[in-house]
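Note on naming: letters A, B, ... go to the chains in the order of the sequence lines (proteins, then strands), and numbering restarts at 1 for each one.
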Number of protein chains: 2
Amino acid sequence: MGRTAVSAEDIKLKLVEAEEPDENDYRLQEQVGFILRKAHQRHVSIFAAHIADLTPPQFAALAKLHDVGETSQNQLGSLIAMDAATVKGVIDRLKARGLVELSKHEVDKRRLLVNLTAEGRDAIERLIPIARDITQETLAPLSAKEAAIFMRLLAKLA
Amino acid sequence: MGRTAVSAEDIKLKLVEAEEPDENDYRLQEQVGFILRKAHQRHVSIFAAHIADLTPPQFAALAKLHDVGETSQNQLGSLIAMDAATVKGVIDRLKARGLVELSKHEVDKRRLLVNLTAEGRDAIERLIPIARDITQETLAPLSAKEAAIFMRLLAKLA
DNA sequence: TCAAATTCATTCGTATGCAAATGATATCAA
DNA sequence: TTGATATCATTTGCATACGAATGAATTTGA
């Protein structure tokens, strides 16, 4: 045989060593779920640095109430992607701080109506400009063009 | 004056009505943080549909231990982006289920070493192929080309 | 019409996720 | 060497997040 015979096995080993996609090789750090979780963590951290006295879900509730006006608790939850149990906790805490007020629906007695208080309205109007900064800072690692593409694809994914 | 005089004010109003970017208009649904949260929620839901008996953080801990072998609890946490308090809870639950085992570091008595048990190793090796499916399904709304672009930009953001 | 199905809200249990405080151990620097 | 720092782990408290169970009220459909 010729010198340094190379078998198919050898070639396969070579490829593996060269970091070919390998069935036995699972890279956690490259999985979309893992990176999505980290990106979300980073955003929450940026949010907290700008708005210390409100969480992103609390802000979302106030912003949506400001947008649509009085709604039921469950309806609000579906608007901001929170299940009933979660939205209840968020609204309870906003109520305890006087930012929203609750009332019973006159016709449908199952429903609990939520509305901004004057204080809640002042707060959200004051915070919205800061929220714009938070969005900017979150997207800062991307160019304007990249950010536009990213937002389009992220929306398709969500 | 000519008929139908148009003032600058009128034009500004027109633009606002035509949905120009308006300073007084904040669209929660278009903010990166809000969509990031929803995309993450969707991924967790897909994960749960495929792997019912493990959460994504628990899976991440097992996958990373499988990758790097025995490490300290804090080190593991930094590898999978979890703070000390969070990783402790995750490891406690994995230990309670017999998937990891803990031991003291012989030299540095502060450290708590974590390692897979045989059962934990079996579990993670069995689950990794399923995790690939989860990644696929999460990215399914995107074409292959879009997914590649998205992953690149998401990584820059995280 | 009225029983079945649905909707709204609440509660419970479990699991992240993080800030802050604490204690034990290790390292650094004067 | 030792006093100041830093690191590792734990604990507490608070805030999402969601499945499942429950009860009240409403809507639907046979």
Side-chain angles (χ1 to χ4, degrees), chain A residues 33-34 36-49 51-62 70-97 99 102-114, chain B residues 33-34 36-49 51-62 70-97 99 102-114:
Chain A
F34 185 82
L36 221 36
R37 175 170 149 272
K38 286 205 351 181
H40 182 247
Q41 282 177 0
R42 174 172 167 270
H43 167 74
V44 171
S45 168
I46 292 171
F47 188 101
I51 300 180
D53 58 346
L54 228 50
T55 64
Q58 288 167 0
F59 175 88
L62 295 183
E70 189 174 61
T71 34
S72 75
Q73 200 175 253
N74 270 15
Q75 173 65 14
L76 178 61
S78 81
L79 290 172
I80 57 181
M82 274 178 225
D83 69 14
T86 301
V87 79
K88 184 187 191 312
V90 172
I91 294 302
D92 279 354
R93 285 179 284 276
L94 291 176
K95 182 193 172 202
R97 293 173 53 180
L99 299 176
L102 305 180
S103 57
K104 291 179 194 164
H105 191 289
E106 286 304 316
V107 176
D108 188 339
K109 295 181 192 168
R110 295 169 304 177
R111 294 189 198 170
L112 187 62
L113 296 175
V114 189
Chain B
F34 184 81
L36 221 37
R37 176 169 148 274
K38 287 209 341 184
H40 181 246
Q41 281 176 1
R42 173 171 168 271
H43 168 75
V44 172
S45 167
I46 292 171
F47 188 101
I51 300 180
D53 59 344
L54 228 49
T55 65
Q58 288 167 0
F59 175 88
L62 294 184
E70 187 174 62
T71 34
S72 76
Q73 201 175 252
N74 270 14
Q75 173 65 15
L76 178 61
S78 80
L79 291 172
I80 57 180
M82 274 178 225
D83 70 14
T86 301
V87 79
K88 185 189 189 311
V90 173
I91 293 303
D92 279 354
R93 284 179 284 276
L94 291 175
K95 183 192 171 203
R97 293 173 53 180
L99 299 175
L102 305 179
S103 57
K104 291 178 192 164
H105 192 287
E106 286 304 315
V107 177
D108 187 340
K109 295 181 192 166
R110 296 169 304 177
R111 295 189 198 171
L112 187 64
L113 295 175
V114 189

Checklist entry - Considering heavy-atom distances to DNA chain C, does Thr55(B) or Asn74(A) have its closest nucleotide positioned more toward the 5' end? => result Asn74(A)
Item to check | Counterpart residues, side chain to side chain donor-acceptor pair (under 3.5 Å), relative to Arg110(A) (two or more places apart) | outcome: Asp108(A)
Checklist outcome for this item: To the nearest angstrom, the NZ-P distance between Lys95(B) and dA9(D) comes to 14 Å
Checklist outcome for this item: With sequence neighbours left out, the residues meeting side chain to side chain donor-acceptor pair (under 3.5 Å) with Lys88(B) are Asp92(B)
Checklist entry - Taking only side-chain nitrogens and oxygens of Gln58(A), does any of them come within less than 4.0 Å of OP1 or OP2 of dT16(D)? => result yes
Item to check | Arg93(A) CZ to dC14(D) C1', straight-line distance once rounded to whole Å | outcome: 8 Å
Checklist entry - Is Gln41(B) close to His40(A) at the side-chain level, that is, under 4.5 Å between some pair of heavy atoms? => result no
Item to check | Partners passing side chain to side chain contact (heavy atoms under 4.5 Å, CB included) against Asp83(A) (at least two apart in sequence or in another chain) | outcome: Ala85(A), Thr86(A)
Which pairs would a plain distance check flag for residues 51-62 of chain B, meaning a side-chain donor or acceptor within less than 3.5 Å of a matching protein atom at least two apart in sequence or in another chain?
| residue | atom | partner | partner atom | Å |
| --- | --- | --- | --- | --- |
| Thr55(B) | OG1 | Gln58(B) | N | 3.2 |
| Gln58(B) | OE1 | Thr55(B) | N | 3.1 |

Checklist outcome for this item: Span of DNA chain C engaged by chain A, first through last nucleotide within the 4.0 Å heavy-atom cut-off, is dT7(C) to dC18(C)
Checklist outcome for this item: For Ile46(B), the side chain to side chain contact (heavy atoms under 4.5 Å, CB included) test, sequence neighbours excluded, returns Arg42(B), His50(B), Ile134(B), Glu137(B), Thr138(B)
Checklist outcome for this item: Whichever of Arg97(B) and Arg111(B) has the more 5' nearest nucleotide on DNA chain C, that residue is Arg97(B)
Checklist entry - Residues two or more places apart in sequence or in another chain: which of them pass side chain to side chain contact (heavy atoms under 4.5 Å, CB included) with Lys95(B)? => result Val100(B), Leu102(B)
Item to check | For Leu79(B), side chain to side chain contact (heavy atoms under 4.5 Å, CB included) partners two or more places apart | outcome: Lys64(B), Val68(B), Gln75(B)
Checklist entry - In B/S/- notation, 5' to 3', how is nucleotides 17-26 of chain D contacted by protein heavy atoms closer than 4.0 Å? => result BBB----BBS
Checklist entry - Could you state the CG-C1' distance from Leu94(A) to dT16(D), rounded to the nearest angstrom? => result 13 Å
